[in-house]
**Q** 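I have a structure here, written as structure tokens, and I will follow up with some questions on it.
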Amino acid sequence: MNQLPDPSTMRPDAGPPAAEAGGILTIDLSAIAANWQALMRRATPAEAAAVVKADAYGCGLEQVGAHLSHAGCKTFFVADLAEARRLRAVAGEATIYVLNGLLPGTAPTFAALRARPVIGSLVELAEWDTFCSTQQWRGGAALHVDTGMNRLGITPNEAAALAPRIRAENHGITLLMSHLACADNPAHPLNEKQIKLFREVRLLYRGIPSSLANSSGIFLGNAAHCDVVRPGGALYGSNPTPGHANPMRPVVRLDAHVLHVRSVPKGDAIGYGAVWTARHSSRIAVCAVGYADGYLRAASASDEAPGADAIVAGKRCPIAGRISMDLLAVDVSALPDNAVRRGDVATLIGGDITVDEVADRAGTIGYEVLTSLGRRYHRVYRID
Ligand SMILES: *Cc1c(COP(=O)(O)O)cnc(C)c1O
């Protein structure tokens with residue numbers, strides 16, 4: 001095992017000192033590792049890879065990559081070459097697949113980084129082939145077969161036509177891949193259809209490891225596991241089984257500094273648009289986090305519709321009014337006087353407020369909340 005670097009020193013943009021920051025973001029790396037191990041156990045004997053695209057879902061590519069690598073993860077998926085480069089710097093021996101595949105002219109960079117493109121079309125395959133044969137490159141690549149999502153991937157018919165050639169020529173395809181469109185909804189008929197179609201393709205590519213399941217796919221049972229599973233969201237605590245209890249450990253905590261607690265008379269409005277009116281004389285904690293920090297404006301509250309909550313002095317309190325760029329307001333009227341003061345924190349994510357709950361209040365999914373996590377926070381990386 002490699003030496004585990006100190007995660008707090010790993011990126012230059014770890015944010016301002018805690019005392020100066022509007023928000024404090026705590027990422028529990030041990031929980032990410034525990035989630036990875038739990039998913040691995042569930043998928044055994046398949047290998048558990050880790051998807052660390054989009055800055056590891058906002059949690060920090062270097063920190064998460066190094067920690068999972070140390071925990072024993074050997075295969076990673078990123079979205080593009082820039083992410084592959086960052087990951088290579090902290091996970092020297094890892095196998096790195098680049099999900100968005102090969103942009104024109106980038107094959108030499110793949111070789112230099114020892115990264116593997118996930119090839120998603122026949123033209124991409126042709127460009128990769130040419131590079132590999134002229135440069136004698138044997139670094140491996142995944143072949144993505146589309147089984148119903150119509151995003152990336154060659155068609156099953158193209159895959160069938162290619163199979164004899166790829167098997168005969170020791171082609172350097174190291175993974176056969178497809179992606180589920182509806183895995184978070186086990187009742188959706190497309191799951192069965194994609195699993196079946198991918199099984200047929202795999203039979204033609206016998207001997208090449210295969211991979212189908214994302215986080216939710218791991219919970220669809222053995223038929224979806226194949227040889228390698230590719231969890232992303234569940235590693236970071238998002239519930240892979242919506243509608244059921246979340247089997248994953250929470251990873252992210254977000255605390256906002258309270259700048260000021262003010263009294264608002266009954267009938268006065270708060271914030272832009274004056275869409276939230278005090279129904280009685282209220283106390284409002286103004287907090288130093290806003291939508292520019294990735295705390296989604298769609299989680300705002302109006303007289304018509306509540307928004308997200310915060311935990312202040314141990315109690316759930318509702319957001320009041322529109323979320324501004326750098327500020328939001330929390331109605332702390334239900335707390336005893338002086339329970340919250342300037343310099344205290346309001347917890348926006350943490351305790352029983354999950355990433356998925358915030359997402360739900362904003363009309364989106366946990367993935368968007370995670371990948372929006374801002375750059376102005378003071379970041380704390382926890383290892384138990
Ligand atoms: C993002 C992604 C994953 C991970 O999906 P989660 O739902 O976050 O687990 C797996 N495979 C592909 C192709 C992806 O794009």
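From a predicted model like this one, the values you see are computed outputs, not experimental measurements. Counting from 1, the numbers follow the sequence of the chain as shown. Whatever order the structure lists them in is the order used to number ligands and atoms, beginning at 1.
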**Q** May I ask you to check whether E47 and T75 show a side-chain donor-acceptor distance below 3.5 Å?
**A**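 The criterion, which ignores hydrogens and geometry beyond distance, is satisfied for T75 and E47.
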**Q** What residue and atom, counting heavy atoms only, is the protein's closest point to atom 12 (C) of ligand 1, and at what distance?
**A** H179 CE1, 3.3 Å
**Q** Any luck finding a side-chain donor-acceptor pair between S30 and R382 under 3.5 Å?
**A** no
**Q** Between Y57, F77, Y367, flag the one that comes closest to atom 4 (C) of ligand 1 by a heavy atom.
**A** Y57
**Q** Got a donor-acceptor contact below 3.5 angstrom from the T130 side chain to the W128 backbone?
**A** no
**Q** Considering the options S238, P240, S216, which one meets the side-chain contact (heavy atoms from CB on, under 4.5 Å) requirement together with D184?
**A**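 Looking at S238, P240, S216, the match for D184 under the side-chain contact (heavy atoms from CB on, under 4.5 Å) is S216.
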**Q** Which protein non-hydrogen atom lies closest to atom 2 (C) of ligand 1, naming both residue and atom, and how far is it?
**A**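 For atom 2 (C) of ligand 1, the nearest protein heavy atom is K53 NZ, 2.5 Å.
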**Q** Ignoring hydrogens and geometry beyond distance, is a side-chain donor-acceptor pair present between T277 and D303 at under 3.5 Å?
**A** yes
**Q** Compute the shortest N/O to N/O distance between N214 and ligand 1 and return yes if it is under 3.5 Å, no if not.
**A**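 Yes, there is a polar N/O contact under 3.5 Å.
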**Q** So which heavy atom in the protein is nearest atom 11 (N) of ligand 1, and how far is it from that ligand atom?
**A** R230 NE, 3.0 Å
**Q** Please work out which of the three classes, parallel, tilted or perpendicular, describes the rings of Y97 and F77, given edges at 30° and 60°.
**A** parallel
**Q** Please list, in number order, the atoms of ligand 1 under 4.0 Å from a heavy atom of G233.
**A** 6 (P), 8 (O), 9 (O)
**Q** S215 heavy atoms, cut-off 4.0 Å: which ligand 1 atoms fall inside?
**A** 6 (P), 9 (O)
**Q** Decide whether the shortest distance between a heavy atom of P231 and an atom of ligand 1 is less than 4.0 Å.
**A**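 Contact present.
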**Q** Find all atoms of ligand 1 within a distance of less than 4.0 Å from any non-hydrogen atom belonging to R151, and give their numbers and elements.
**A**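 Per the distance check, 15 (O).
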**Q** Within the distance-only criterion (no hydrogens, no angle test), does the side chain of H225 pair as donor or acceptor with the backbone N or O of I218 below 3.5 angstrom?
**A** yes
